[in-house]
There are 2 protein chains.
Amino acid sequence: MNYSEAKNKFINAWGSLATQWGINRTMAQIHALLFITPGPLSVEEMMEELQISRGNTSMNLRQLMDWGIVFKEIRSGDRKEYFYTEKDVHELARIIMAERSRREIQPTIRILSEVSELKEDGTAETREFIKQTKAMFELTSTADSMINRMVKQNKNWLTNAVIKLFT
Amino acid sequence: MNYSEAKNKFINAWGSLATQWGINRTMAQIHALLFITPGPLSVEEMMEELQISRGNTSMNLRQLMDWGIVFKEIRSGDRKEYFYTEKDVHELARIIMAERSRREIQPTIRILSEVSELKEDGTAETREFIKQTKAMFELTSTADSMINRMVKQNKNWLTNAVIKLFT
DNA sequence: CTGATGTTTCAAAATATATTGAAACTTATT
DNA sequence: AATAAGTTTCAATATATTTTGAAACATCAG
């Protein structure tokens with residue numbers, strides 16, 4: 001396996017894993033490319049490497065910047081913009097977990113808390129509904145605050161967690 | 001908010017959260033319905049409640065059974081089949097995490113380990129590629145085995161983890 | 001075995017999502 | 001101010017995924 005084969009394999013695997021987790025393929029591929037490339041890349045270089053259009057590249061770069069994992073670099077004396085990603089895997093995981101919590105888990109928790117306040121009316125249906133949505137609310141809240149506390153610790157949060165859990 | 005409003009809100013919220021995580025909407029809605037309903041349901045009842053076709057219901061039930069979170073019940077003297085889900089949220093989370101690990105994370109780890117074995121050829125590109133994919137391989141392996149060990153413990157795995165992490 | 005009841009499959013249709021490409025826009029340089 | 005270099009937007013298009021519905025299949029009761 002040479003460099004170019006390995007690179008393609010990694011970029012494609014990343015892209016297809018992403019779709020299984022609800023993230024668009026191109027966004028994951030751009031990220032993968034920046035992740036393994038030593039220095040920043042211009043839009044042109046990414047278009048060429050991934051065979052995608054300018055519009056697609058631009059929109060996905062913007063999303064990656066919104067997530068806080070890709071950054072823009074401007075070089076004096078050069079009109080082009082260059083992009084690079086967070087290279088530290090722990091920091092990357094941290095940012096992604098914190099964002100998913102903020103964007104998806106927390107809104108879900110709000111809805112769970114809301115629906116689980118349904119007034120008991122004596123029927124088996126409402127009793128079950130309240131019991132189950134309350135249980136889901138508690139599980140989700142616990143998991144979410146666990147994730148957020150883990151993620152707010154220092155760089156070695158994952159290693160620390162492993163040590164605490166298995167000693 | 002009455003029962004039927006709360007029920008719809010929960011089912012729809014669950015469905016849209018699922019799509020953000022790469023799970024199909026109908027599958028999540030069927031699961032949500034079974035999760036809040038006191039007893040098992042027939043295919044007809046689910047079709048009626050969720051306004052979906054027989055084929056769609058059947059295929060998604062099969063997938064839920066493949067995941068190990070929905071089960072079929074046959075009643076003697078009744079030709080219909082009835083379906084019910086795992087009701088314990090901790091057990092549910094456990095099954096889902098273990099399955100995602102098996103189906104998605106483990107295959108990814110294999111690819112990471114493979115591409116990170118690329119032979120160093122002195123260029124900055126291969127050096128960076130190897131460094132980064134190795135780091136990703138290690139992070140993913142650590143996280144995956146942490147998940148698997150947590151999940152293999154007793155019913156209170158989440159509570160136990162919280163206690164260990166934050167005392 | 002036959003009819004009745006129920007389930008599964010799968011090609012076609014519908015829907016949702018991602019991508020393109022060209023025009024509009026922005027900013028820097030002369 | 002005009003031009004050049006580059007970026008962003010968005011309607012149209014392409015692609016991928018989900019859903020339908022009807023036919024094929026299975027199983028039970030008489």
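Because only heavy atoms are used, hydrogens play no part in the values below, and waters and symmetry mates are left out as well, while side chains stay in. So you know, we letter chains A, B, ... as the sequences are listed, proteins then strands, and number each from 1.
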### Query
In whole angstroms, how far is the C1' atom of dT8(C) from the CE atom of Met46(B)?
14 Å

### Task
Would you kindly give the CD-to-P distance between Gln63(A) and dT7(D), to the nearest whole Å?
18 Å

### Task
Ignoring backbone atoms, establish whether Thr26(A) has a side-chain N or O less than 4.0 Å from OP1 or OP2 of dT19(C).
yes

### Summary
Closest of dT8(C), dA5(D), dT9(D) to the Lys72(B) side chain is dT8(C)

#### Entry: Under 4.0 angstrom between Asn60(A) side-chain N/O and dA18(C) OP1 or OP2
no

### Task
Just compare dC10(C), dT7(D), dT8(C) and give me whichever is closest to any side-chain atom of Glu44(A).
dT7(D)

#### Entry: Length of the CE-P vector between Met47(B) and dT8(C), whole Å
13 Å

### Message
Under 6.0 Å from the ring centre and within 45 degrees of the ring axis: does the NZ or CZ of Arg62(B) meet both conditions for the six-membered ring of Trp67(B)?
### Response
no

### Message
Run Gln106(A) and Ser101(A) through side-chain hydrogen bond (donor to acceptor under 3.5 Å, both in side chains) and show every step you take.
### Response
CA-CA 6 Å; Gln106(A) 280 159 27; Ser101(A) 162; 2.9 Å; yes

### Query
So, is Asn24(B) near the phosphate of dA16(C), with a side-chain N or O under 4.0 Å from OP1 or OP2?
no

### Query
Rounded to the Å, how far apart are Asp78(B) CG and dC28(D) P?
12 Å

### Task
Using atom CD1 of Ile52(A) as one end and atom C1' of dT15(D) as the other, report the distance to the nearest whole Å.
16 Å

### Message
What I'd like to find out is whether the side chain of Phe83(B) reaches to under 4.5 Å of the side chain of Val70(B), using heavy atoms alone.
### Response
yes

### Nucleotide nearest Arg25(A) when distance is taken to its side chain, options dT19(C), dT19(D), dT8(C)
dT19(C)

### Query
Considering only side-chain heavy atoms of Arg62(B), which listed nucleotide, dG6(D), dT9(C), dT7(D), is closest?
dT9(C)

### Query
Between Asn56(A) and Arg79(A), who's closer to the 5' end of DNA chain D by nearest nucleotide?
Arg79(A)

### Query
dT15(D) P sits how many Å from Gln51(A) CD, rounded?
15 Å

### Task
Please tell me which of the listed nucleotides, dT8(D), dG21(C), dT8(C), lies nearest to the side chain of Arg54(A)?
dT8(D)

### Query
Reckon Thr19(A) touches a base, only the sugar-phosphate, or nothing at all at heavy-atom distances under 4.0 Å?
nothing

## Note on the structure
From CD1 of Ile74(B) across to P of dA26(D) the rounded distance in Å is 16 Å

### Message
From the set dT19(D), dG21(C), dG6(C), return the single nucleotide nearest to any side-chain atom of Lys80(B).
### Response
dG6(C)

### OP1 or OP2 of dT8(D) under 4.0 Å from side-chain N/O of Ser58(A)
yes

### Query
For Met59(A) and dA24(C), what is the distance between atoms CE and C1' respectively, to the nearest whole Å?
14 Å

### Query
Does Arg100(A) make a cation-pi contact with Trp21(B), if we ask for NZ or CZ under 6.0 Å from the ring centre and within 45° of the axis?
yes

### Message
Check for me whether Arg25(A) meets the cation-pi criterion with Trp14(A), that is, NZ or CZ under 6.0 Å from the six-membered ring centre and within 45 degrees of the ring axis.
### Response
no

